[in-house]
Amino acid sequence: MARYQRQLAGLASPSAPFNLVYHEWLPETGPPQGLPVICVHGLTRNGRDFDPLAQALAAAGRRVLCPDIAGRGESDWLDTYEEYTNPHYSGHLLQLIAQLGLSKFDWVGTSMGGLIGMGIAALPDHGINRLVINDVGAVVPAAALNRIGEYVGRDHYFETLDQLEAALRVVHAPFGPLTDGQWRHLATHSARRSGDGYRLAYDPAIAHNFQQTLDDDLDLWAIWDSIDRETLVIRGAESDLLLPDTAKQMTERGPKAQLVEIEGCGHAPALMADDQINIVVDWLNR
């Protein structure tokens, strides 16, 4: 079992200060054991995606911190779209880590959260102990980024939460098989009230960097080769964002990661199913 707390941190960004919400999970009784775990979500998602994983980690004794990255979930929107970039998000999270006094921690990052984790792990004196990268890697195909650009930032209006959930079931079908309760959980925490209906809980301006069609893949091998921490890479077996050859090379260079593939998933495994949760918990706690 686990205890949940919604927390707020005041952070600086170049244009203006903003408030970042993070979701903290603790063991039900007693102090946490082992290192804290920071879980960082994907591009359009939020920290509540990690509720099942965070509860399992907290039940195993860990303190777990799941931030809503700026412009997502319950965190403030930024004043300018130019700041919706991974380097800025890394700076925000490094501020949060400093405020919380964390000198060493484990990191679980899905998609964008994995890229942020890779960037921080490549820095000197970064504090990451073990790194879990969920379905992203050292090469991000242009085709996958262009696919994401087709849906991110569209400011859809939904009259009901059921309509919003139905849209998520289509867009995020690659998450893999989820229960009705899990889809409703994602929908509930992906919604913001708008008049009598709902919109998705992120600033449409996060799509700015995806508006242009890309011709070249994003090459991050220089970052990957700078990482020297134990690393687990999780890949959806049908993923178009982390291709098989890239994943294989990631086990052979840089941190020489351990690789686990999840059948029935594309980009990215939701880490909500028990078998996926156990992979992460067991690897971090071994």
Side-chain angles (χ1 to χ4, degrees), residues 39-53 66 69 72-73 86 108-118 132-154 156 158 162-191 200-202 204 206-207 209-210 213-214 217-218 220 232-248 250 257 259-280:
C39 300
V40 185
H41 59 78
L43 178 65
T44 65
R45 304 303 310 148
N46 61 77
R48 299 304 299 267
D49 285 9
F50 292 107
D51 280 8
L53 174 61
C66 307
I69 297 299
R72 286 83 164 176
N86 287 351
V108 178
T110 292
S111 193
M112 180 187 75
L115 294 177
I116 296 169
M118 286 167 52
V132 178
I133 303 293
N134 184 21
D135 210 64
V136 73
V139 176
V140 184
L145 292 172
N146 291 333
R147 174 185 62 78
I148 292 170
E150 292 176 359
Y151 72 80
V152 66
R154 295 187 178 182
H156 295 295
F158 305 94
D162 287 342
Q163 291 178 356
L164 187 149
E165 179 183 325
L168 290 183
R169 284 175 180 254
V170 173
V171 171
H172 295 310
F175 282 6
L178 300 179
T179 67
D180 289 343
Q182 289 167 342
W183 280 116
R184 179 51 53 132
H185 175 87
L186 292 178
T188 299
H189 295 291
S190 298
L200 293 170
Y202 65 81
I206 67 172
N209 292 326
F210 293 84
T213 300
L214 300 177
D217 297 342
L218 181 62
L220 301 173
L232 171 67
V233 171
I234 297 172
R235 177 179 181 270
E238 301 166 15
S239 176
D240 66 341
L241 197 126
L242 178 55
L243 298 180
D245 183 63
T246 300
K248 181 176 182 297
M250 291 168 69
L259 174 65
V260 175
E261 288 199 338
I262 307 296
E263 296 297 327
C265 295
H267 179 73
L271 305 185
M272 286 184 156
D274 288 343
D275 59 338
Q276 297 173 30
I277 290 170
N278 290 338
I279 288 168
V280 177

Value for CD (Glu165) from CH2 (Trp183), rounded to nearest 0.5 Å, stands at 8.5 Å
When rounded to the nearest 0.5 Å, the distance separating OG1 of Thr213 from CD of Glu150 is 8.5 Å
Do Thr44 and Ile148 have side chains that approach each other closer than 4.5 Å (heavy atoms only, starting at C-beta)? no
Residues passing the ring pair (Phe, Tyr, Trp, His ring centres under 6.0 Å) test with Phe175, sequence neighbours excluded, are His172
Run the side-chain contact (heavy atoms from CB on, under 4.5 Å) test on Val280 and Asn134 for me, step by step, so that the C-alpha distance in whole Å, both residues' side-chain angles and the decisive distance to 0.1 Å come before the verdict.
CA-CA 10 Å; Val280 177; Asn134 184 21; over 6 Å; no
I'd like to check Leu259 versus Lys248 (side-chain heavy atoms, cut-off strictly below 4.5 Å). Are they in contact?
no
Here the side chain to side chain donor-acceptor pair (under 3.5 Å) pairs for residues 265-276, sequence neighbours left out, are Ser111-His267, Asp135-His267
Less than 3.5 Å apart, any donor N or O on the side chain of Arg184 or Thr179 sitting next to an acceptor on the other? no
Leu243 and Ser239 have their tightest heavy-atom pair at CD2-O, 4.0 Å
dist Asp49:CG -> Cys66:SG (nearest 0.5 Å) comes out at 9.5 Å
Here the pair of heavy atoms bringing Asn46 nearest to Gly73 is CB-CA, 3.9 Å
Within the structure provided, determine whether Arg235 and Met250 are in side-chain contact (heavy-atom separation under 4.5 Å).
no
dist Leu241:CG -> Leu145:CG (nearest 0.5 Å) comes out at 6.0 Å
Note: Leu164 and Ala187 closest approach over all heavy atoms is CD2-O, 3.8 Å
Would you indicate whether the side-chain heavy atoms of Leu186 and Leu178 approach each other to under 4.5 Å? yes
Looking only at heavy atoms, the pair that brings Gly137 and Met118 closest together is O-CE, 4.0 Å
Query - Ion pair check, Arg48 and Asp51, cut-off under 4.0 Å - result: yes
CG of Asn86 to CE of Met112, rounded to nearest 0.5 Å, is 6.5 Å
Minimal heavy-atom distance between Phe50 and His41, with the atoms involved, is CE1-N, 3.5 Å
Please step through side-chain contact (heavy atoms from CB on, under 4.5 Å) for the pair Val233 and Leu242, ending with a clear verdict. CA-CA 10 Å; Val233 171; Leu242 178 55; 3.7 Å; yes
Sorted by chain and residue number, the salt bridge (charged side-chain N to carboxylate O under 4.0 Å, His left out) partners of Asp240 (sequence neighbours excluded) come out as Arg147
In terms of heavy-atom contacts, Cys265 and Gly176 come closest through SG-CA, 3.7 Å
Taken to the nearest 0.5 Å, the spacing of Ile116 CD1 from Ile69 CD1 works out to 4.5 Å
Pairwise side-chain contact, Leu200 with Leu168, heavy-atom cut-off 4.5 Å (strictly under): yes
Contact check, side chains of Arg72 and Leu43, non-hydrogen atoms, under 4.5 Å: yes
* Asked: Would you call Thr110 and Leu271 a side-chain contact if the rule is heavy atoms closer than 4.5 Å?
  -> yes
